[in-house]
Amino acid sequence: MMDTQTNFDLVLFGATGDLAMRKLLPCLYQAHVAGLLHLDGRILGVSRSDLDTAGFLAKVETNAKIHIKQNFSEEAWASFIKRIAYMPVDVTRPEHFQTLAEKVKARKQTDNVIIYLSTAPKFFAPACENLAAAGLNADHVRIVLEKPLGTDLKSSQEINTDVARFFKEEQVYRIDHYLGKESLQNLLALRFANVMFEPLWNNKYVKSVQLTIAEQLGVEERGEFYDITGALRDMVQNHLIQMLCMTAMEAPAGLDADAVRDEKLKVIKSLKPLTSADVDANVVRGQYTAAQKDGQTVNGYLQEHNVLAGSRTETYVAIKAEIDNQRWAGVPFYLRTGKRMAGKVAEIVLNFRDLPNHIFDGSQKAPNRLVIELQPTESIRLYTQVKTPGAGNHVELTALSVDMGKEVAGRRAEAYERLLLDVINGKLALFNRRDELEAAWEWVMPIMENWESSPTPPHGYAAHSWGPEAARELLARDGNQWHEEQ
């Protein structure tokens, strides 16, 4: 158990929803079992559902408990749910917020109040206005905004402006769960706590960088949401750009929130702006099509439930980006994400430049590369040339591998658990600042605008493949290959 802990009230809007049941409550249970929550810390679920606490706990028992895959015991569960209360709140009814405020303020010993808005973004503004009117925006109140934070630059700015009317920037926690992944945080330690990597982490030694988030699942039952969202909004503007920032940023002056976020913002600001011609040449839009797998037909995107006939929504995006600064000028950064791909993986790949001469046979075929895998496993693999046994002078590529789950002692928390604890303890470094978020939207807007005006449909790719042929060609013209092809 931690020596000092923060007493808290966590008010969870959207408490009956999928995210709360599948991620937030199970992660809070894990923090509870690990002794990381103050003994008096309270979780107050709220939603429009007309339930009492007993009715809500019955839903938690059915819908949240099943997602706890480790460290479960009935005794621990019984002590955890004692933290939980519930009350119905409609975000559009100010009188409900007055009742909520009375309940929260009745606990005088609370160090801080966390308002987690796990709701549709259209409810952020009325919720913030009603919270403020009820006095729930004082300095000890923190508000967590779940993505998506807008659908384009304009709507994101409007949401941020609405929230800023009632909450200071230092009270706002814009959550991107990828930043809570232990392996992504470990990237900073790998770069800035080891003397051997920093001298190589630049355009003198790195030929190209690949950032991939691939999913095997399709849109499943989320067709109605996904068809108006697409991969660019769902994954590129947030998760992939955050991975890019952590990979390419300069060393921050320290690990405090603004030091880290200042350096990430510099990376986004240094991304070469995309013209419409750049989008045509350097961005691939794809959509998965039906295919056979294990003797069964897998639906294409257009056959999925609640997807509009003839939809041009992208389920795959590949982008060649350039960072126009001294460290990275001339190095292509390939960003890629897709659904119904051949594997589930999130990884960062640094391909190093080839040697100017080759005295060993085979060394010219596969230069060194560093692979940092975020999922499904957390590992670091450095591919180096090793001489094959025998009298010849042939070398082959061999991986020096570290499995972070096995080699590094200690319990590995899920991303949402880490981020929830950071909110409770007032740590902002792993949350998006407004200028950072809006700079990311600004960079992707030319892609969105090009696609909206272009008559060209997305490239088709077979379900459970690695994407359209156009994405391979995007790299091939620079003499590069995607990691799975290497």
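A distance of 10.5 Å separates CD1 of Ile447 from CD of Glu449, quoted to the nearest 0.5 Å. For the atom pair Glu304 CD and Ser311 OG, the distance stands at 11.5 Å (nearest 0.5 Å).
Within 6.0 Å of NZ in Lys427 there are 12 or fewer heavy atoms belonging to other residues, nucleotides or ligands. The number of heavy atoms from other shown groups lying within 6.0 Å of CD (Glu414) does not exceed 12. With a 6.0 Å radius and a threshold of 12 heavy atoms from other residues, nucleotides or ligands, Lys147 has its NZ atom above the threshold. Atom CG of Leu255 is surrounded by 12 or fewer heavy atoms from other residues, nucleotides or ligands within 6.0 Å. For His140, the NE2 atom sits in a packed shell: over 12 heavy atoms of surrounding residues, nucleotides or ligands are nearer than 6.0 Å. In Lys269, the NZ atom is not crowded: 12 or fewer heavy atoms of neighbouring residues, nucleotides or ligands sit closer than 6.0 Å. In Glu169, the CD atom is crowded: over 12 heavy atoms of neighbouring residues, nucleotides or ligands sit closer than 6.0 Å. Sparse packing is recorded around CG of Asp324, with 12 or fewer heavy atoms of other residues, nucleotides or ligands lying under 6.0 Å away.
Between Arg174 and Leu437, the shortest heavy-atom contact is CD-CD2, 3.9 Å. For the residue pair Leu149 and Trp441, the shortest heavy atom distance occurs at O-NE1, 3.5 Å. The heavy-atom pair separating Thr99 from Met87 by the smallest distance is CG2-CE, 3.6 Å. The nearest pair of heavy atoms linking Gln287 to Leu302 is OE1-CG, 3.5 Å. Taking every heavy atom of both residues into account, Ala15 and Gly45 meet most closely at CB-CA, 3.6 Å. Scanning both residues, Val91 and Asn130, for their nearest heavy atoms gives O-ND2, 2.8 Å.
Between the side chain of Asp9 and the backbone N or O of Thr110 there is no donor-acceptor pair closer than 3.5 Å. A donor-acceptor distance shorter than 3.5 angstrom exists from the side chain of Trp443 to the backbone of Lys272, with no hydrogens or angles considered. Gln210 contributes no side-chain N or O that, together with a main-chain N or O of Ile348, makes up a donor-acceptor pair within less than 3.5 Å. Side chain of Arg412 to backbone of Glu182: no donor-acceptor contact under 3.5 angstrom is found. Side-chain N or O atoms of Asp152 include one that pairs as donor or acceptor with a backbone N or O of Ser155 at under 3.5 Å. For His96 (side chain) and Asp90 (main-chain N/O), a donor-acceptor pair under 3.5 Å exists by modelled atom type. Within the 3.5 Å criterion, the main-chain N or O of Ile66 finds a donor-acceptor partner in the side chain of Lys69. Listed for the Asn450 side chain is no donor-acceptor partner under 3.5 Å among the backbone atoms of Pro446. In this structure a side-chain-to-backbone donor-acceptor pair under 3.5 Å is missing from Thr377 to Glu373. Counting only distance, with no hydrogens or angles, the side chain of Asp234 and the backbone of Gly230 share no donor-acceptor pair below 3.5 Å.
In this model, no donor atom of one side chain and acceptor atom of the other lie less than 3.5 Å apart for Lys339 and Gln216. In the model, Tyr301 has a side-chain atom that pairs as donor or acceptor with a side-chain atom of Asp227 under 3.5 Å. At a cut-off of 3.5 Å, with distance as the only test, no side-chain donor of Arg42 or Asn7 sits close to an acceptor on the other residue. Side chain to side chain, Gln171 and Asn137 fail the donor-acceptor criterion of an N or O pair below 3.5 Å. The closest side-chain donor-acceptor pair between Asp176 and His239 falls under 3.5 angstrom. For Arg434 and Gln157, the side-chain atoms include no donor-acceptor pair closer than 3.5 Å. Between the side chains of Tyr86 and Ser47, at least one donor-acceptor pair of N or O atoms lies under 3.5 Å. For the residue pair Asn160 and Glu438, a side-chain donor N or O sits within less than 3.5 Å of a side-chain acceptor on the partner. A donor-acceptor contact closer than 3.5 angstrom is absent between the side chains of Ser183 and Asn186. A side-chain donor from one of Ser79 and His32 sits under 3.5 Å from a side-chain acceptor of the other.
Using a cutoff of 4.0 Å between basic side-chain nitrogens and carboxylate oxygens, Arg107 and Asp40 are not scored as salt-bridged. Using a 4.0 Å cut-off between charged nitrogen and carboxylate oxygen, Glu146 and Lys23 do not count as a salt-bridge pair. Using a cutoff of 4.0 Å between basic side-chain nitrogens and carboxylate oxygens, Glu220 and Arg222 are not scored as salt-bridged. One finds no salt bridge joining Glu347 and Arg369 here, because no Lys/Arg side-chain nitrogen approaches an Asp/Glu carboxylate oxygen to under 4.0 Å. With respect to the salt-bridge test (charged N to carboxylate O, under 4.0 angstrom), the residues Arg312 and Glu452 do not qualify. Between Glu436 and Arg433 no salt bridge is recorded (no basic side-chain N to carboxylate O distance below 4.0 Å). Salt bridge present: Arg418 and Asp422 bring a charged side-chain N and a carboxylate O closer than 4.0 Å.
Contact check for Tyr116 versus Val11: no side-chain heavy atoms found under the 4.5 Å cut-off. The closest side-chain heavy-atom distance from Val345 to Gln375 is not below 4.5 Å. Counting heavy atoms from C-beta on, the side chains of His305 and Glu224 never come closer than 4.5 Å. No side-chain heavy atom of Val219 sits less than 4.5 Å from a side-chain heavy atom of Phe225. In this structure the side chain of Asn325 never reaches within 4.5 angstrom of the side chain of Val267, judged on heavy atoms. Residues Val172 and Val163 form a side-chain contact, since some pair of their non-hydrogen atoms from C-beta on lies under 4.5 Å apart.
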message = Between Arg327 and Glu198, is the salt bridge (Lys or Arg N to Asp or Glu O under 4.0 Å) condition met? List the steps.
response = CA-CA 11 Å; Arg327 181 184 291 270; Glu198 178 58 23; 2.8 Å; yes
key: Worked verdict on Phe72 versus Lys65 for side chain to side chain contact (heavy atoms under 4.5 Å, CB included)   = CA-CA 9 Å; Phe72 181 81; Lys65 190 177 179 180; 3.2 Å; yes
message = Show, in sequence, the C-alpha distance, side-chain angles and deciding distance for Asp139 and Lys168, and conclude whether the salt bridge (Lys or Arg N to Asp or Glu O under 4.0 Å) test is met.
response = CA-CA 8 Å; Asp139 288 345; Lys168 302 172 186 174; 2.9 Å; yes
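In this structure, Lys181 forms a cation-pi arrangement with Tyr178, its terminal cationic atom sitting closer than 6.0 Å to the ring centre and no more than 45° off the ring axis. In this structure, Arg336 satisfies the cation-pi test against Trp482, with its NZ or CZ atom closer than 6.0 Å to the six-membered ring centre and inside 45 degrees of the ring normal.
Between Tyr29 and Trp77, the angle of the ring planes lies from 30° to 60°, which puts this pair in the tilted group. Taking the six-membered ring for Trp and thresholds of 30 and 60 degrees, Phe13 and Phe97 have nearly parallel ring planes, at less than 30 degrees apart. Relative ring orientation between His177 and Tyr416 is described as parallel, the plane-to-plane angle staying below 30° on a 0-90° scale split at 30° and 60°.
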